[in-house]
Structure formats: structure tokens, C-alpha cells
Amino acid sequence: MSRLGDWINDRLPYRRLWKQHASEYLVPNNLNFYYLFGSLALLILCNQLVTGFWLTLFYTPTAHDAFHSIQSIMRDVNYGWLFRYMHTTGASALFIVLYLHIFRGLLYGSYQKPRELVWILGMFLFFLLVLEACFGYLLPWGQLSFWGGSVMTSLASTIPYVGDTLVLWIRGDYSVSDVTLHRFFALHVIGIPFCVLFVVGLHVFTLRQVGPNNPTGVELPLTQKIPFHPFYTLKDGVAALGFCILFFAVVFFFPDMYGYFLDPMNTTPANVLMTPDAITPLWYMAPFYAMLRAIPHKLLGVMVMGGSMALLLFMPWLDKSVVRAVKNKNRYAQIALIFLVVSFISLGVLGMQEITPMKLVLARGFTILYFAYFILMPWYSRVDKTCEA
Amino acid sequence: MVDDHNSQKTVIDEKRRRFLVNMLSIAGSVSALGALMPFVSSCLPSMKSRADAGPMRVGVSHLKPGQQMTVLWRGKPVWIIHRTPEMLLELAKPNPDLRDAESKVPQQPTYAVNDYRSIKPEYLVLVGICTHLGCTPLYKPKEFYCPCHGSRFDLAGRVFKHVPAPINLEVPPYRFINEHVIEIGEEVL
């Protein structure tokens with residue numbers, strides 16, 4: 001058996017790769033709960049790929065049959081309901097995990113030198129996955145799929161001069177139609193997944209190049225580092241199992257999560273002539289949607305929404321602090337992060353609700369707070385804890 | 001193994017380690033197998049397919065002697081032929097040119113293993129797909145003739161020797177609900 005191993009190793013050096021990336025890949029010994037979300041995100045991504053592929057065995061990507069094919073999956077295909085729920089729950093789970101994963105980066109300054117590229121690639125992944133979710137949401141061809149799709153594609157019309165042509169180009173037709181469904185299907189199943197896989201590879205590669213950060217924010221000496229395998233492979237394994245317990249509890253007992261993971265409005269087939277009373281995106285887009293609604297100007301609203309995501313790209317250069325971890329930073333920085341989290345969550349809550357004058361004021365306030373975290377960071381991060389000047 | 005950062009060497013309990021690894025492997029394999037089941041099961045025919053594949057009823061009272069009708073069952077053409085007394089006389093005679101005169105190959109239900117390969121001699125029920133490569137043979141006065149590669153079958157669907165087709169035409173499961181109605185196929189469980 002080891003002769004076979006030698007034969008393979010001479011041609012594909014798996015032993016060296018195993019040592020380099022697992023058994024002798026030294027990693028800080030203090031990686032905590034927040035460091036589990038990267039590998040968990042990869043697990044969920046695999047779930048989406050597998051259940052997503054499976055769904056394409058039974059789904060029909062035409063406006064005429066899409067809705068019906070999903071009903072057939074739910075009712076006729078053996079275990080169809082299981083795979084469908086795994087895919088929708090997986091999408092929401094992925095965003096929960098990703099938001100926590102990004103939060104870890106903000107908490108411990110993982111975006112700082114020398115990990116700026118890891119962070120940038122990560123943000124690209126986030127944008128790609130937001131797009132993936134948007135394309136995927138059209139596919140069930142329910143009321144919210146269609147009208148949400150119309151709203152999302154019309155965002156492009158805000159761009160001056162080329163806006164309307166751009167919307168026409170994206171949709172492929174004079175309104176969201178069968179043509180749009182076909183191309184969103186192709187993008188969702190093949191186009192974006194390939195890009196995601198590629199960028200995930202780069203993201204992990206650039207991380208492995210410099211090694212992970214740790215909760216102290218200070219580079220640890222070799223004596224405080226332990227090999228990735230078996231310590232973190234097993235720890236991540238336990239986390240994966242724990243995650244699976246929660247995940248399948250949702251899949252089996254509350255797959256629609258009271259309307260947050262699967263909106264009841266989307267159980268009605270798309271009706272071009274009837275706009276639903278309230279078009280809300282799924283919960284993970286709610287914070288950005290709240291920001292869009294808070295701004296009374298069409299183009300500015302879109303720019304604010306896009307900017308709120310894009311600003312994250314610049315974190316390595318906005319943060320002028322000499323320390324990485326937030327607990328070592330000054331009071332302003334700590335309060336700013338708390339405000340960011342509070343704003344983001346509040347905006348998310350507001351984004352799922354109908355607008356009232358009071359809620360509009362709140363949304364605007366929280367949007368300002370959210371942006372303040374980034375825009376004021378070059379100043380408040382420079383205030384040194386110990387010096388006066 | 002990398003040294004512990006304590007100054008003492010850790011004592012490894014090999015037996016316990018092996019036990020744990022084995023138990024985990026067994027549990028993992030069982031789980032993986034279990035996780036595979038929905039995937040395998042889902043690719044089997046869905047409830048709708050099983051419903052569509054159920055039995056179908058055909059009225060035969062309108063068939064004149066010598067006449068053939070074709071129905072679609074499970075996506076396949078099924079012939080019902082009202083055979084004439086002359087045809088039945090011919091079929092009763094032993095024919096040395098047949099490959100499988102006694103229907104030894106299981107291409108028919110047990111109640112169709114007889115001279116006429118049917119429940120009632122007058123009514124022949126056959127799946128109209130040539131057992132060579134799948135074309136639909138033509139109904140000729142004395143035989144079924146497949147135009148694709150020249151296979152020939154007698155009027156009970158038995159294949160002749162020296163033709164490409166290897167076995168007799170298939171008789172689907174069927175029964176007479178009453179004098180005039182045949183039910184083709186069985187319930188799919």
C-alpha cells in the first residue's frame with residue numbers, strides 16, 4: 001500500500017502538500033469561536049453547490065413551467081422537499097455565517113497588513129454571493145421573485161446616460177421575462193459558482209501565504225503556534241457537526257423561519273399585472289434595502305446602498321490604528337464598532353418593515369451612524385490611547 | 001509530531017486514540033451512507049411518474065376481427081389485435097421456424113405462456129417494440145414485419161429464426177375487467 005503511495009507521491013506530491021497545509025501548517029493556538037465561520041462558510045457553499053446541482057435535475061427554467069416544477073419537486077420527487085429546503089436554508093445560513101465572518105475581521109483587524117488582499121478577495125466573494133442570491137431569487141418565479149427581480153434590475157436605470165440601455169441589456173427584454181429567467185439561471189448555476197470557486201481558492205491561498213491573525217492582534221511566536229491538523233481540523237469538524245444540528249433543525253421544523261427564509265408571498269405564481277402590497281427582499285439584504293429607502297434621491301440611494309458595501313473594501317486603509325484588535329484600540333473605536341453593529345442590525349429590522357415617518361427618521365439616523373464608522377475611522381483610529389497629541 | 005510547548009512530553013494513549021478514530025470512522029461511514037440515500041431515492045421515478053405509470057383501461061368491443069389498435073402505455077406503443085379464427089388455427093399448428101415457440105424466455109406473464117400468448121385467444125396484447133433495436137414492426141396479414149432490419153414475428157409475437165431480433169415480442173401484464181375492457185399494466189408500488 002505504501003508503494004502505491006510512493007508511486008502517486010512521485011507524480012503528485014500529496015505528502016508535501018499535506019505537511020505544508022495541514023500537519024505542519026502552524027497556526028496560533030488561541031483561535032476562538034469567531035474563527036470557525038470561514039470553514040463553516042465553505043461547508044455551506046458545498047451544500048449550496050450539491051443541493052443546487054441536484055435541483056437542476058428537476059427544475060425547468062422557463063417562465064411557463066418554473067413555478068410548477070418547484071411544486072413538483074416539493075410534492076412529487078422523492079425527498080424533493082428536503083433538497084429544496086436545504087438549498088433555501090443554506091442560502092440564509094450562508095449569509096449569517098458570512099456576516100459573522102466579516103465581523104470577526106472587523107473585531108480583530110484581520111484586514112490589516114499583510115492580509116489586505118485576503119480581505120479584498122473576501123469582499124469580492126461577498127459581492128459575488130449577493131449577486132448569486134439575487135439571481136437565484138428570480139428562479140422560483142413567484143410574485144416576489146418577479147417583482148423583486150424587476151426592482152433589482154431597475155436599480156441599474158439610475159446610472160446617467162447608459163442606465164436604461166443597461167437595464168434592457170441585463171433583462172434581455174422590455175420587462176423581466178422568460179429571457180431574463182434563462183440568463184439568470186445560467187448565471188446562477190454556472191457563471192457565478194465558477195467565479196466563486198476561483199476566488200475562494202485565491203482567498204484561502206493568500207491567507208495561507210501569511211498565516212491567520214489571532215484575537216490578540218499581535219503576531220504570536222512559534223512556541224504559541226500549533227499545527228492546523230489535528231487541532232483545527234477536528235475543532236472545525238466539531239463546529240460543522242454543531243452547525244448541522246442547528247441547520248437541520250431549521251430544515252425539518254421551521255424551513256420558512258416564519259416568513260424570513262421563505263416569504264409566503266412567493267408561494268403565489270408571478271402575476272405581471274398585479275404588484276404585491278409590500279416587496280421586501282430576503283432578510284440578508286434588508287439592511288441595504290433600508291438604506292436605499294432612506295435616501296429620497298434615486299441615484300444617491302443606489303450609490304449609498306452600493307457604497308455601504310464597497311466601503312468595506314477600504315478598511316485596510318481607513319484603519320490608521322497601530323493595533324489590530326478592537327479591544328486594544330481606544331474608546332472611540334470600540335464605541336464606533338458597537339454603533340456599526342447596532343446600526344446594521346437596526347437597519348435590517350427596519351428594512352423588513354413598512355415605512356412610516358418615524359421609521360424613516362430612524363433609518364436615516366442609522367444609515368448616518370453606519371457610514372460614520374467608516375468615514376470617521378481615519379481620525380478616531382489615530383487617537384492614541386496613551387498619548388495626548 | 002511537533003513538540004508540546006510544555007517542557008514535558010505528552011503520553012499518547014495509542015489504544016484509546018485508535019478506538020476513537022475507529023468509532024468516528026464507523027459513525028462517519030454510516031452517516032455518509034445515510035446522507036446518500038435521499039440522493040439515490042430522489043432519482044427514482046417521482047410520485048407523478050409512478051401515478052402516470054399506473055394501469056390504463058382500454059375498451060375493445062369496437063375492434064373488428066383482424067383489426068389492430070395501438071395505445072400509449074408508459075410511453076410505449078401497445079397493440080391490441082382482434083385475431084380471426086383463421087389466424088388462431090394457424091397459430092395452433094407447430095412451427096419449426098420459431099426461435100422460442102414455447103415462450104421460455106420471460107417476455108410475458110405466466111398466463112400468456114400458451115399457443116396464443118394471451119388470456120383470451122381472440123385478443124392479442126403486445127408491446128409493439130421490436131426486440132432487436134426498438135423500431136415498431138408493421139402488422140402484415142400473416143406476421144409482424146419490422147422494416148428497420150427485417151425481423152419477423154408470428155401473430156402471437158413469437159420471433160422467427162434467422163432474423164436479427166433475439167426474443168419474442170413482450171406481452172405486458174394485463175387483465176380483462178369485463179368482456180369489453182382490458183386493463184393494461186399494474187399498480188406501481
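- More than 12 heavy atoms of other shown residues, nucleotides or ligands fall within 6.0 angstrom of atom OH in A:Y14.
- Shown here is A:Y79, whose OH atom has no more than 12 heavy atoms of other residues, nucleotides or ligands within 6.0 Å.
- Between B:M47 and A:R75, the shortest heavy-atom distance links the atoms CE-O, 3.5 Å.
- Around the CD atom of B:E102, the shell of radius 6.0 Å holds no more than 12 heavy atoms that belong to other residues, nucleotides or ligands.
- Listed by sequence position, B:P38, B:F39, B:S41, B:S42 are the residues of residues 22-42 of chain B in contact with chain A, using a 4.5 angstrom heavy-atom cutoff.
- Heavy atoms from other residues, nucleotides or ligands lying under 6.0 Å from NE2 of A:H68 number 12 at most.
- Atom SG of B:C43 is separated from atom CZ of A:F58 by 5.0 Å, given to the nearest 0.5 angstrom.
- Other residues, nucleotides and ligands contribute only 12 or fewer heavy atoms inside 6.0 Å of the NZ atom of B:K104.
- In B:Y111, the OH atom is crowded: over 12 heavy atoms of neighbouring residues, nucleotides or ligands sit closer than 6.0 Å.
- Within 6.0 Å of atom CZ in A:F53, 12 or fewer heavy atoms from other residues, nucleotides or ligands are found, so the atom counts as exposed in its surroundings.
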